[in-house]
There are 2 protein chains.
Amino acid sequence: MNVNEAMELLKEKGYKHTGKREDMLHFFEKEKRYLSAKDVLECLQSEYPGMSFDTIYRNLSLFAELNILEETELEGEKRFRFSCSTTQHHHHLICLECGKTKHINSCPMDSIRQQFPDFQVTGHKFEIYGKCQDCNEITKVDSN
Amino acid sequence: MNVNEAMELLKEKGYKHTGKREDMLHFFEKEKRYLSAKDVLECLQSEYPGMSFDTIYRNLSLFAELNILEETELEGEKRFRFSCSTTQHHHHLICLECGKTKHINSCPMDSIRQQFPDFQVTGHKFEIYGKCQDCNEITKVDSN
DNA sequence: CTACATGCAAATTATTTGCACTTTT
DNA sequence: AAAAGTGCAAATAATTTGCATGTAG
């Protein structure tokens with residue numbers, strides 16, 4: 001998924017092309033990590049001073065519904081990231097300092113489904129939290 | 001972990017023995033599943049008509065801090081369940097209809113840590129959502 | 001009688017919604 | 001124009017906090 005494909009999808013579905021939408025998507029494409037509504041607002045407010053949370057929230061929900069963004073909930077906040085659904089199903093290591101993510105292609109669900117055939121699985125969440133290599137190095141430097 | 005052990009732990013740490021705390025713990029022990037603050041309030045209000053959310057929330061946080069309860073976040077709400085930490089590390093299948101849970105002893109983290117030695121893991125979440133066998137059967141009956 | 005526990009009311013935080021106005025198409 | 005997008009202000013909803021009072025040890 002990239003910004004052009006996303007805008008194309010929006011057009012197909014009858015949603016309009018606005019600068020705010022495009023800029024939101026560009027921000028997500030550039031960051032490649034989970035962002036909160038606040039992150040997005042802060043980024044877009046330089047460009048659009050009157051920009052409000054409502055618009056951010058409405059568009060985030062819309063994008064998530066269309067699978068343009070992946071959604072998760074982290075520390076009591078919804079977070080979104082540009083969808084990597086063109087690649088195979090996967091999970092992430094998430095750095096709690098900088099938000100950077102790393103893909104994990106292996107998914108433990110296959111074996112789980114076999115183990116519990118009576119449980120009808122509708123979804124799952126597998127996320128690993130911690131500190132990425134870069135953030136770890138910064139800490140080391142700081143404490144010297 | 002059981003209610004007596006939990007009350008013992010509270011006493012050790014200098015927290016007081018109150019009927020509300022004990023009843024909260026009994027409720028968790030009986031239910032063996034993830035419960036929201038609201039669930040707990042509804043249960044305790046019959047016994048303690050004046051019972052307020054504050055007390056529930058304060059005690060839930062306390063119990064979680066002392067590892068008497070396990071905490072997770074599900075559909076925008078914090079949920080707690082009686083801790084099974086005496087048994088080995090594990091995860092759950094969670095029925096979104098009735099809240100019932102099933103243990104999974106296997107944890108995918110061991111292999112993940114090996115795969116990403118540069119990422120300092122501080123936590124992880126692995127939860128499987130769906131419909132348990134009982135709830136599935138109820139649906140079948142309903143639709144007849 | 002002292003520290004912890006609780007209720008009340010008010011504050012916080014993230015998110016959603018109704019309504020009037022403004023853009024896209 | 002018509003449909004969709006947006007800002008504003010107000011409403012929710014879950015959770016937290018300050019303060020005065022109550023209660024267990």
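Just so we're on the same page: letters track the sequence lines, and every chain starts at 1.
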Thr18(B) side-chain N/O to dT6(C) phosphate OP1/OP2 under 4.0 Å: yes
Atom pair distance, as rounded to whole Å: CD in Glu77(A) and P in dT15(D): 14 Å
Least distance between heavy atoms, Ser106(A) atom then Ile112(B) atom: OG-CD1, 4.2 Å
Value in whole Å for how far the P atom of dA14(C) lies from CD of Glu71(A): 16 Å
Distance below 4.0 Å between Arg58(A) side-chain N/O and dT16(C) OP1 or OP2: no
Distance test, side-chain N/O of Ser36(A) to OP1/OP2 of dA14(C), below 4.0 Å: no
dT15(C) phosphate, OP1 or OP2, under 4.0 Å from Tyr57(A) side-chain N/O: yes
Polar pair under 3.5 Å, donor/acceptor by atom type, side chain Asp54(B), base dA5(C): no
Rounded distance (Å) that lies between atom P of dA14(C) and atom CD of Glu73(B): 12 Å
His92(B) side chain to Glu127(B) side chain, donor-acceptor N/O pair below 3.5 angstrom: no
Value in whole Å for how far the C1' atom of dC8(D) lies from OH of Tyr48(A): 20 Å
Shortest non-hydrogen separation from Ser83(A) to Met1(A) and the atoms involved: O-CB, 3.7 Å
Length of the CG-P vector between Asn59(A) and dA4(D), whole Å: 14 Å
Nearest to side-chain heavy atoms of Ser52(B), which nucleotide of dG7(C), dT6(D), dT16(D): dG7(C)
Nearest-angstrom distance from the residue atom NZ of Lys11(B) to C1' of dG25(D): 10 Å
Donor-acceptor pair under 3.5 Å, Lys38(A) side chain vs dA14(C) base: no
Distance below 4.0 Å between Tyr15(B) side-chain N/O and dC4(C) OP1 or OP2: no
Sequence-distant partners of Asn105(A), side-chain contact (heavy atoms from CB on, under 4.5 Å), two or more places apart: Gln88(A), His90(A)
Test of ring centre spacing under 6.0 Å for His91(B) and His124(B): yes
Presence of donor-acceptor pair under 3.5 Å, side chain of Lys20(B) and base of dA5(C): no
Atom-pair distance (NZ on Lys13(A); C1' on dG5(D)), nearest Å: 19 Å
Any Thr55(A) side-chain N or O less than 4.0 Å from OP1/OP2 of dG7(D): yes
Residue mapping more 5' on DNA chain C - nearest nucleotide basis, Phe53(A) or Gly19(B): Gly19(B)
Nucleotide of dG7(C), dT16(C), dG5(D) approaching Arg21(A) most closely (side-chain heavy atoms): dG5(D)
Atom-to-atom span, CG of Leu44(A) to P of dG7(D) - whole angstrom: 10 Å
